[in-house]
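What follows is one structure encoded as structure tokens, with my remarks underneath.
The sequence lines fix the lettering, A, B, ..., with proteins before strands; numbering per chain opens at 1. Remember, predicted model here, so these are calculated numbers, not experimental data.
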Protein chains: 2
Amino acid sequence: MTESPVHHESPIYRRIADRLRDQILSGALGDGDRLPGENALMNEYGIARATARQALAVLINEGLAVPKRGSGVYVRLFRPIRRHGSRRLSREQWAQGLAIWDSDTRGRSYTVDEVRILRETASEHVGRVLGAEEVWVRRRRYSVDGRPVQLAASFFPADLVEGTAVVLPDTGPGGVYARLGELGHAPVHFSEEVRARMPLPGETELLNLPAGTPVISVTRVAFAEGGVAVEVNEMTLDAASYVLQYDFDA
Amino acid sequence: MTESPVHHESPIYRRIADRLRDQILSGALGDGDRLPGENALMNEYGIARATARQALAVLINEGLAVPKRGSGVYVRLFRPIRRHGSRRLSREQWAQGLAIWDSDTRGRSYTVDEVRILRETASEHVGRVLGAEEVWVRRRRYSVDGRPVQLAASFFPADLVEGTAVVLPDTGPGGVYARLGELGHAPVHFSEEVRARMPLPGETELLNLPAGTPVISVTRVAFAEGGVAVEVNEMTLDAASYVLQYDFDA
DNA sequence: ATCATTGATTTCTCTAGAGAAGTCCCGCAC
DNA sequence: GTGCGGGACTTCTCTAGAGAAATCAATGAT
């Protein structure tokens, strides 16, 4: 709308941040290297501590650096630790024993309103898509190589899965869908919505996310024969660990 | 690794941020509403200006609020403005005239090394996947409803597309692939990698991103018959505007 | 009515200083 | 060698203050 941005002189903290960023992106400072700290910047540029902090804060919430209290600020290059195909997501991982779930809140029934009050991310989808008054919720946290990388919540129509834990046991991945198949509701089609956003505080702790790390949020709806939705799956993934991969034909 | 987090008392700025966040997430403060500013927080809690700023900064880089200099700090709920299926991405949009590209750097040939020096996000892919010494680059920026929402760079093997602009004219979406088809290299398979990260400074300006907005980065490789890669497409999307949608069968 | 100016309000940048809390390493006791 | 203090260093939290820069509404001139 307005005219081209007149280039006011950048503030000091930003110029310092730019210099540091250049050093990171050019490779002069590598992953895990230590950045000049508050004191170093104060001396080098003759600035106040708050200003030095501000410069470092820029890099920190760009996700290029991580502060470690009492120690220093370190370069953190964005390097995904593992790649997952979105569909065959964990099968090989599970087979190799690399992936585990380290917490599994057993499912129980909630009314759609209860879910909404719990402020599930999926709340709107669950009611609308699943078209059920009562849903069955199953929460998990997945870890790979000891690091938590994914939170998941699955919602099933309660009338479909009466019996809960017995019907949908913890038999690893695929187990749930296999059971749904035995009940005559095998999923045959999936629709996924992928978003990126900043994590909320709870997610920051559960996924152990350093500052400046966004999360990938995937909502997957599974449909059985006839177009009936049988599951809504909300996944929150550490974006530093995950790369989603999709393959499809023209 | 270490034992469970002892719950020290949260610092003041964080408690204030938590209170404000609750008001936002509970709906007491809606999209576009004005948050209490620095002065208001100073008076209300009896804290220094820097501390009040720190509280607001938490919400700002969580992406829940946007500061407007000289005016105030406003709630910004994460509400995608438009949804795209990843494949039929823009076809309807273009037909309705809602989408445009407002900059189109005509392609020219670069060596793979040149591309690497330009530090394209896709640099590594381009050399490896395309298996070409020289590539043809095409850059675009897409806007929807006057807002820039997507940066894109396409890489083609140079020996495939000699003649550049004539061979791959700006005929809107599909045009490029149609032309590739006429040349006998119609893409029949796509593979996409989806990442989320924080934007780099250039992207912040080009996409006009408010603080705290992550970007979705999609790398799409198009394969022709026989498994030959004919295009690498690097897309950077404003995550506040985009929701990617993928549909596939079991 | 339209346009320019002024003034109050608000965020932004920066200084100076101080104590708390966590990390890291060296040296000492065992 | 092993473990335990202690001290140096670093980031974190917070205070107090001041000028710059942008916004917004009201006021006044044309």
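Helix bend of the helix from C/dA1-D/dT30 to C/dC30-D/dG1: the angle between its two end axes, each built from five pairs, comes to 10° after rounding to 10°.
A/Leu35 has its CG atom 17 Å from the C1' atom of D/dC9, to the nearest Å. In this entry the distance linking CD1 of A/Ile12 with C1' of D/dG19 reads 14 Å, nearest Å. Taking atom CG of residue B/Asn61 and atom P of nucleotide C/dC12, one finds them 13 Å apart after rounding to whole Å. As rounded to whole Å, 7 Å separates atom P of C/dC14 from atom CD of A/Gln54. One atom, CG of A/Asn39, and another, C1' of C/dG17, lie 13 Å apart when rounded to the nearest Å. Straight-line distance from the CG atom of B/Leu56 to the P atom of D/dC14: 14 Å, rounded to whole Å. The separation between B/Glu38 atom CD and D/dT15 atom P is 14 Å, rounded to whole Å. Rounded to whole Å, the distance from CZ on B/Arg14 to P on D/dC14 is 10 Å.
Considering only the side chain of B/Arg69, C/dC12 comes nearest among D/dC12, C/dC14, C/dC12. Proximity note for A/Pro11 (side chain, C-beta onward) versus D/dC12, C/dT13, C/dT11: the nearest is C/dT13. Comparing atom distances between the B/Ala50 side chain and each of D/dC14, D/dC12, D/dT15 picks out D/dT15 as nearest.
Between the side chain of A/Arg49 and the backbone N or O of A/Met42, no donor-acceptor pair lies under 3.5 Å. The closest donor-acceptor contact from the side chain of B/Glu203 to the backbone of B/Leu200 lies under 3.5 Å. The closest donor-acceptor contact from the side chain of B/Asn233 to the backbone of B/Arg220 lies at 3.5 Å or more, if one exists at all. With hydrogens and angles disregarded, no donor-acceptor distance shorter than 3.5 Å links the side chain of A/Arg197 to the backbone of B/Gly63.
Backbone-only engagement by A/Ile47 is indicated by non-hydrogen atom pairs under 4.0 Å involving sugar-phosphate atoms exclusively. Among the atoms of the strands shown, only primed sugar atoms or phosphate atoms (P, OP1, OP2) are found under 4.0 Å from some heavy atom of B/Arg34.
Side-chain N/O atoms of B/Lys68 include none lying less than 4.0 angstrom from OP1 or OP2 on C/dC12. Taking 4.0 angstrom as the limit, A/Thr51 places none of its side-chain polar atoms (N or O) nearer than this to OP1 or OP2 of C/dT13. Remark: A/Tyr13 is in phosphate contact with C/dT13, judged by side-chain N or O atoms under 4.0 Å from OP1 or OP2. A close approach under 4.0 Å does not occur between any side-chain nitrogen or oxygen of A/Ser71 and OP1 or OP2 of D/dT10. In terms of phosphate contacts, A/Arg49 brings no side-chain nitrogen or oxygen within less than 4.0 Å of OP1 or OP2 of D/dT11.
The shortest heavy-atom contact between A/Leu207 and A/Val149 is CD2-C, 3.6 Å. Nearest heavy-atom pair, A/Pro199 versus B/Glu62, reported as atom, atom and distance to 0.1 Å: O-CG, 4.4 Å. Contact detail for A/Gln23 and A/Ser26: the closest heavy-atom pair is O-OG, 3.3 Å.
Where A/Tyr74 and A/Ala48 each meet DNA chain C at their nearest nucleotide, the meeting point lying more 5' is that of A/Ala48.
No more than 12 heavy-atom neighbours from other residues, nucleotides or ligands sit within 6.0 angstrom of CZ on B/Arg19.
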